[in-house]
Amino acid sequence: MGLRTRIALVTSTTVVVAAALLGMTVHVRTADDQAQRAAQAADAELLRAIDDHAAGVETGLLVNAPELPGPLRATVERRPVRATYLQLDPPSGPPHVWAATRVGGDVVAVRQSYAAQLRTLRNLDRALAGAGALVGALGCLVGIGTAVAIGRRIADSTRTAQRIAEGDLSARITPRGTDEIARLSRAVNTMADALAERLESERRVTADIAHELRTPVAGLVTAVDLLPPGRPAELIRQGVGRLRRTVEDVLEVARLDVPGLEQASCEEMPLGVLARRAAAPWPDVEARVVRDAVVRTDPRRIERIVTNLITNAHRHGAPPVVLDVDGARLRVRDHGPGFPEHVLAEGPVRFRSGSSDRGGDGGMGRGTGLGLTIVAGQAKVLGARVLYENADGGGAVVTIGLEAVRRTPDTTDRTPGTTDRDPFPPNPA
C-alpha cells in the first residue's frame, strides 16, 4: 500500500469516525433531553389532574389503571412519591410517558403520547446521517487531495534524487513551504551541491594530474626509444607504454565526466562494417554478423568501445573472444570466469580492479579498471545502452544497444546457438 493511499485512508477514517461519534453524542443528548422534558410535562399534568379531580372536574386521571407499567406501579406503591416512566415498547399502542403517585389507597396516573418526540428523534437521526455522509465524503476528498499533494511532492523529490544518483548533478528540488518535506528537499539540494563540488574537485585534480604527467610520460617514451636493445629496455618500454595508456584513459574519463563536453559526430553506417573494422587489429577475435543494420552513430566512438571491450576480454577473460553483430546490437563475449556480482548489479567502477596482475584471479569483470568505465561513458555520449551479463556456458558478455536507422533483410544465416532474446527491456530503468 502506497503512502498516498495510507494518508487518504487515515484522513478519511478519522473524519468518518469523528462524524459518527459526534452524531451519536447529539442523538444521545437529544434523546435524554426529550425524555426529561416529557417526564416534567407528565408530572405537571399529573398534579393538575389530581387538583381537578379533587375539585370534581372530570379529567384524564387514571385510577388503578390495569395498563400501568409494572415498574412504575411498584415504585409508587412502595413509597408515597410521584414517579415518571417512559414506556417505549408497550404491549399495544404507541409509546407513552407515564406519571403516577399514590392518593390514599389508590394509584392515580396520567399518560402522554411520546410518538411526536420519537418522530423528531428519527428526523434528527436522518439529518445527522446525511450530514455525516456529507462530512465523510468531504473528508475523503480532503484526505485524497492532501495525500495526492504530499505524494506528488515526495514523488518529485524521489525523481530528483534518482536523477542525482544517476549522475545528473544539476538536478534540484524546488522547496515549497516550511514543513518536513520542504526541509528534506533543501537537505537533498545541499547534499547535491556538496556532491557536485566534491566530484568536480576530484575530476579537476585527476585531469590536472594527468595533464602534468603527459609531458614527462612523452619524454619517457622518447627516452626509451634511445635505449640500446635488450630485455631491460623491453621491460621499460612495456611499463612506459602502460603508463601512457593509463594517463590517456584518465584524461578521457575526465572529459567524459563533464556534461556536454563530449559531442558525438554521427553518420549512418552498417554496424557490421564498423565492428569488423574495429576488430581488425585482433586476428584471434571472431567477428560474426548475424544480422546487419544501418545505425546512425559516431564510428570513432564505436571503435573505441569495441577496442576497450576486446582489450578487457583479452586481459581479464579467456579465449575465444567473440564479437557478434545482431541487428543494432553489438556483443563481445569471452570465456573466462565472468563478471562479479557488483558489476552485474551496479556496473563498472573506475580503478576497481582485481585482475591477476593486481593480485586478483584474472576474471574479466574483476579487472575493469578504466576500460569499462570509458565504455559506459562513450555509450552515454552515443545514447546507447550497455548490458553486463554472465553467459550460461561461462564467460562475460557485454551488449551495446544502438538505435537502427532502418532494418535490412537478413543476408547471413543465423549462427548456430544464437537466439532472438532481447537483452533490453522495453522500458529500461
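Sequence positions, counted from 1, serve as the residue numbers for this chain.
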Item to check | R329 vs D324, salt bridge (Lys or Arg N to Asp or Glu O under 4.0 Å): CA-CA, chis, key distance, verdict | outcome: CA-CA 8 Å; R329 299 187 190 116; D324 281 335; over 6 Å; no

Item to check | Test log, rule side chain to side chain contact (heavy atoms under 4.5 Å, CB included), inputs L88 and L118 | outcome: CA-CA 9 Å; L88 294 175; L118 288 181; 4.2 Å; yes

Checklist entry - Given Q112 and H96, is the side chain to side chain contact (heavy atoms under 4.5 Å, CB included) satisfied, shown in steps? => result CA-CA 5 Å; Q112 294 180 344; H96 290 90; 6.0 Å; no

Next on the checklist: I'd like to know whether D334 forms a side chain to side chain donor-acceptor pair (under 3.5 Å) with H316, so could you lay out the CA-CA distance, the side-chain angles of the two residues, the decisive distance to 0.1 Å, and finally the verdict.
Outcome noted: CA-CA 9 Å; D334 68 27; H316 309 300; over 6 Å; no

Item to check | side chain to side chain contact (heavy atoms under 4.5 Å, CB included) between R385 and T399, worked out | outcome: CA-CA 8 Å; R385 295 172 292 177; T399 304; over 6 Å; no

Item to check | Criterion side chain to side chain contact (heavy atoms under 4.5 Å, CB included) on D284 and H314, from CA distance to verdict | outcome: CA-CA 10 Å; D284 60 330; H314 278 106; 2.8 Å; yes

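Put simply, the side chain of P95 does not reach to within 4.5 Å of the side chain of Q87, judged on heavy atoms. Within the 4.5 Å cutoff, the side chain of N390 has no heavy atoms near those of the V397 side chain. Proximity of H335 to P320: side-chain heavy atoms (C-beta onward) are separated by under 4.5 Å at one or more points. Between T297 and L271, every side-chain heavy-atom pair lies at or beyond the 4.5 Å cut-off. Residues L46 and R82 form a side-chain contact, since some pair of their non-hydrogen atoms from C-beta on lies under 4.5 Å apart. Using a 4.5 Å heavy-atom cutoff, the side chains of E268 and V295 are not in contact. Looking only at side-chain heavy atoms (C-beta outward), E286 and V321 stay at 4.5 Å or farther from each other. In this structure, V375 and I400 have side chains that are in contact, with non-hydrogen atoms separated by less than 4.5 Å.
Checking side-chain atoms of R48 against main-chain N and O of D43 turns up no donor-acceptor pair under 3.5 Å. Y114 contributes a side-chain N or O that, together with a main-chain N or O of A35, makes up a donor-acceptor pair within less than 3.5 Å. When atom types are taken as modelled, the side chain of R183 and the backbone of T178 share a donor-acceptor pair closer than 3.5 angstrom.
Between A115 and S113, the shortest heavy-atom contact is N-OG, 3.3 Å. Between T84 and A99 the shortest heavy-atom distance is CG2-CB, 4.1 Å. The two residues A42 and V110 have their closest heavy-atom pair at O-CG2, 3.6 Å. Taking every heavy atom of both residues into account, A100 and L72 meet most closely at CB-CD2, 3.7 Å.
D156 contributes atom CG, which lies 8.5 Å from atom OG1 of T174 (distance to the nearest 0.5 angstrom). For the atom pair CG of N312 and CG of L309, the computed distance is 7.0 Å after rounding to the nearest 0.5 Å. Interatomic distance, CE of M191 versus CG of L184, reported as 9.0 Å (0.5 Å rounding). Atom CG of L323 sits about 5.0 Å away from atom CG of L330, to the nearest 0.5 Å. One distance of note links OG of S157 with CD1 of I173; it measures 4.0 Å at 0.5 Å rounding. Expressed to the nearest 0.5 Å, how far CZ of R126 lies from CG of L121 amounts to 10.5 Å.
The side chain to side chain donor-acceptor pair (under 3.5 Å) analysis of residues 302-311, with sequence neighbours excluded, yields the pairs D249-R304, E252-R304, R277-E303, R304-N308.
Ion pairing of R153 with D179 is present here, as a side-chain N (NZ or NE/NH1/NH2) and a carboxylate O approach within less than 4.0 Å. Note on D326 versus R288: no salt bridge recorded, every NZ/NE/NH1/NH2 to OD/OE distance being 4.0 Å or above. Between E234 and R231 there is no salt bridge, since none of the side-chain N atoms of the basic residue sits less than 4.0 Å from a carboxylate O of the acidic one.
Contacts of Y388 classified as ring-ring contact (aromatic ring centres under 6.0 Å, His included), with partners at least two apart in sequence or in another chain: F339.
The number of heavy-atom neighbours closer than 6.0 Å to CD of E67, taken from other residues, nucleotides and ligands shown, is above 12. Atom CG of D32 is surrounded by more than 12 heavy atoms from other residues, nucleotides or ligands within 6.0 Å. The environment of CZ in R186 is crowded: more than 12 heavy-atom neighbours from other residues, nucleotides or ligands sit within 6.0 Å.
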